[in-house]
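Treat the numbers as computed from the prediction; the structure is a model and nothing was measured. Sequence positions, counted from 1, serve as the residue numbers for this chain.
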Amino acid sequence: MLKLNVTHVALFMREVIPVMRQQGGGNVINVSSIAARNGGGAGAIIYAGAKGFISTATHGWAKEVAADRIRVNAISPA
């Protein structure tokens with residue numbers, strides 16, 4: 001769960017930001033979850049935490065790369 005939702009997203013962002021900076025901008029859409037806000041259901045604490053990382057990190061990345069004309073957003077399907 002953490003490898004898919006935390007490690008892979010962080011690695012993707014590390015690779016794609018320089019490419020988007022070089023091309024003059026771009027858009028990233030990460031997939032979070034409503035569980036990031038409500039802690040998830042029974043037995044889904046790790047999932048909720050991983051999606052919480054995506055939600056929080058997306059906010060950080062958005063601020064970090066806004067001046068480079070890169071938008072970073074997250075959707076939270078319910």
Check your understanding: Is Leu11 atom CG crowded by more than 12 heavy atoms from other residues, nucleotides or ligands, each under 6.0 Å away?
Key -> yes
Check your understanding: Does atom CD of Gln22 have more than 12 heavy-atom neighbours from other groups under 6.0 Å away?
Key -> no
Exercise for review: With sequence neighbours excluded, tell me which residues meet salt bridge (Lys or Arg N to Asp or Glu O under 4.0 Å) with Arg69.
Suggested key: none
Quick one: name the residues clustered hydrophobically with [X], using the 4.5 Å side-chain heavy-atom rule over I, L, V, M, F, W, Y, and just say none if it's on its own.
X	answer
Leu4	none
Tyr47	Met1, Leu2, Val6, Val9, Phe12, Met13, Val16, Ile17, Met20, Val28, Ile46, Phe53, Ile54, Trp61, Val65, Ile70, Val72
Ile75	Ile29, Val31

Check your understanding: Among all residues two or more places apart in sequence or in another chain, which pass the side-chain hydrogen bond (donor to acceptor under 3.5 Å, both in side chains) test with Ser55?
Key -> none
Check your understanding: Is the shortest heavy-atom distance from the side chain of Ser76 to the side chain of Ser32 under 4.5 Å?
Key -> yes
Just jot down the side-chain contact (heavy atoms from CB on, under 4.5 Å) partners of [X], sequence neighbours excluded, or say none.
X	answer
Pro18	none
Asn38	Ile34, Ala35
Lys3	Thr7, His8

Study note, to complete from the structure: salt bridge (Lys or Arg N to Asp or Glu O under 4.0 Å) pairs touching residues 41-67, sequence neighbours excluded, are none
Point to revise | Inter- and intrachain pairs under salt bridge (Lys or Arg N to Asp or Glu O under 4.0 Å), touching residues 10-38, at least two apart | key: Arg21-Asp68
